[in-house]
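Quick note: numbers below take in every heavy atom, side chains included, and nothing from hydrogens, waters or symmetry partners.
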Amino acid sequence: MDKKKTIWFDITNVPHVNFLLPIIRKYEGEFEMVFSLRDFAETKSLFEKRINKPYIEVGQHQGGNKIKKLIGLLKRIITLQSQIPYFDVKISVGGDSSSPVAWWRRKMAVTFDDNETSPNWMYAPFTNLAFWPKFISAERLKKQFFNKNLYQYNGYKEDFYLADYQPDSAFLDKLPF
């Protein structure tokens with residue numbers, strides 16, 4: 001029997017949990033999964049509530065100091081490199097620390113993003129497939145080194161949050177007022 005391929009999901013911020021949840025649900029029986037989380041705001045608690053899978057906690061938010069951010073980024077890359085087990089594909093929203101690890105291991109790095117004002121150039125060279133909303137100019141993204149394998153989709157990241165949403169027809173009946 002063939003061994004299942006492994007997807008590594010690196011989750012570093014609260015919105016990433018809801019963004020990646022439909023993707024995780026879609027592929028949960030088909031692939032092995034590894035999760036890493038950064039300790040920031042309610043990321044861990046939301047992950048535990050919504051996804052509830054084992055994870056490896058690596059790094060924490062470094063605040064606004066640019067030197068601390070850079071040192072924290074480098075430490076997180078080194079720690080991920082040593083602690084993340086084998087994987088075939090890395091998926092993240094952004095990818096400043098996980099994309100270099102995938103690149104170093106010669107694995108596929110898939111990133112989603114929608115913030116063209118962040119320093120995306122830090123991970124763009126290490127990304128194999130980059131997904132961005134169409135409302136952000138491809139020319140602007142190319143200036144940030146997303147020159148190859150750039151895919152743009154109609155809509156916003158919130159469309160992903162709702163990808164597997166099933167409305168509750170009895171919702172109004174359940175309201176306490």
Side-chain angles (χ1 to χ4, degrees), residues 7-27 35-44 46-47 50-51 55 58-81 84 87-165:
I7 300 174
W8 165 34
F9 291 93
D10 186 40
I11 301 172
T12 60
N13 200 345
V14 177
H16 303 177
V17 175
N18 288 326
F19 184 93
L20 294 171
L21 183 59
I23 298 168
I24 292 165
R25 286 184 176 154
K26 176 167 179 55
Y27 293 113
F35 299 93
S36 57
L37 273 65
R38 181 179 66 153
D39 184 11
F40 177 61
E42 290 80 31
T43 305
K44 288 188 331 185
L46 186 61
F47 178 88
R50 303 287 321 272
I51 298 172
Y55 62 87
V58 179
Q60 58 192 28
H61 193 266
Q62 299 298 317
N65 182 303
K66 291 186 182 202
I67 300 295
K68 283 185 178 181
K69 280 183 180 283
L70 179 60
I71 292 168
L73 173 66
L74 294 173
K75 285 169 85 173
R76 190 164 194 274
I77 290 169
I78 292 165
T79 305
L80 287 169
Q81 176 63 18
I84 297 302
F87 63 92
D88 297 289
V89 176
K90 181 278 305 181
I91 297 177
S92 64
V93 179
D96 57 354
S97 50
S98 56
S99 291
V101 172
W103 176 84
W104 182 258
R105 294 188 187 186
R106 293 183 170 93
K107 301 299 178 185
M108 174 73 66
V110 177
T111 60
F112 294 87
D113 213 328
D114 73 339
N115 183 351
E116 74 279 13
T117 62
S118 291
N120 304 305
W121 53 267
M122 291 172 51
Y123 70 86
F126 306 107
T127 297
N128 300 99
L129 300 174
F131 293 88
W132 288 79
K134 274 190 178 175
F135 75 86
I136 298 172
S137 153
E139 296 311 311
R140 187 170 185 171
L141 296 173
K142 288 176 182 175
K143 288 178 184 175
Q144 296 187 30
F145 306 104
F146 289 103
N147 297 320
K148 58 182 173 53
N149 300 326
L150 172 62
Y151 297 91
Q152 292 188 278
Y153 58 90
N154 288 318
Y156 300 91
K157 71 177 180 194
E158 289 78 11
D159 293 327
F160 275 79
Y161 296 1
L162 301 172
D164 62 353
Y165 175 71

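Ion pairing of R76 with D10 is present here, as a side-chain N (NZ or NE/NH1/NH2) and a carboxylate O approach within less than 4.0 Å.
Looking at every heavy atom in both residues, R105 comes nearest to L80 through NH2-O, 3.8 Å. Closest approach of K107 and D88 over heavy atoms only: CB-O, 3.7 Å. T127 and T111 make their closest contact through CG2-OG1, 3.1 Å (heavy atoms, listed as atom of the first residue, atom of the second, distance). The two residues G155 and P133 make their nearest non-hydrogen contact at O-CB, 3.3 Å. I77 approaches D96 most closely through the heavy-atom pair CD1-O, 3.9 Å. Closest of all the heavy-atom pairs between R38 and T12 is NH2-O, 2.8 Å.
By the neighbour-count criterion of 12 heavy atoms within 6.0 Å, atom CD1 of I67 is sparsely surrounded, having that number or fewer from other residues, nucleotides or ligands. Within 6.0 Å of OH in Y27 there are 12 or fewer heavy atoms belonging to other residues, nucleotides or ligands. Counting heavy atoms of neighbouring residues, nucleotides and ligands inside a 6.0 Å radius, atom CD of Q81 exceeds 12 of them. Within 6.0 Å of OH in Y55 there are more than 12 heavy atoms belonging to other residues, nucleotides or ligands.
Put simply, the side chain of W132 reaches to within 4.5 Å of the side chain of L150, judged on heavy atoms. Between R140 and T117 there is a side-chain heavy-atom pair separated by less than 4.5 Å.
In this structure, F35 CZ and I84 CD1 are separated by 11.0 Å, a value rounded to the nearest 0.5 Å. Note: L46 CG to N18 CG = 5.0 Å, rounded to the nearest 0.5 Å. The distance from atom CG of L21 to atom CG of D164, rounded to the nearest 0.5 Å, is 6.0 Å. In this structure, the separation between OG on S92 and CD1 on I11 is 9.5 Å, given to the nearest 0.5 Å. Atom CD of Q62 is separated from atom CG of L70 by 10.5 Å, given to the nearest 0.5 angstrom. Taken from CG in N149 to CZ in F131, the straight-line distance is 9.0 Å, to the nearest 0.5 Å.
Classified by interplanar angle (parallel below 30°, tilted 30° to 60°, perpendicular above 60°), the ring pair W103/F126 is perpendicular. Classified by interplanar angle (parallel below 30°, tilted 30° to 60°, perpendicular above 60°), the ring pair F112/F160 is perpendicular.
In this structure, K90 contributes its side chain and I7 its backbone to no donor-acceptor pair below 3.5 Å. Within the 3.5 Å criterion, the main-chain N or O of E116 finds a donor-acceptor partner in the side chain of Q144.
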Report task. Starting from the C-alpha separation in whole Å, work towards a yes-or-no answer on side chain to side chain contact (heavy atoms under 4.5 Å, CB included) for V93 and N13. Result -> CA-CA 9 Å; V93 179; N13 200 345; over 6 Å; no
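Using modelled atom types, one finds no donor on one side chain facing an acceptor on the other under 3.5 Å when comparing S118 with N120.
Aromatic ring centroids of F47 and F9 lie 6.0 Å or more apart. F146 and Y123 have their aromatic ring centers within a separation under 6.0 angstrom.
A side chain to side chain contact (heavy atoms under 4.5 Å, CB included) with K75 is found for exactly one of L73, I71, I78, namely I71.
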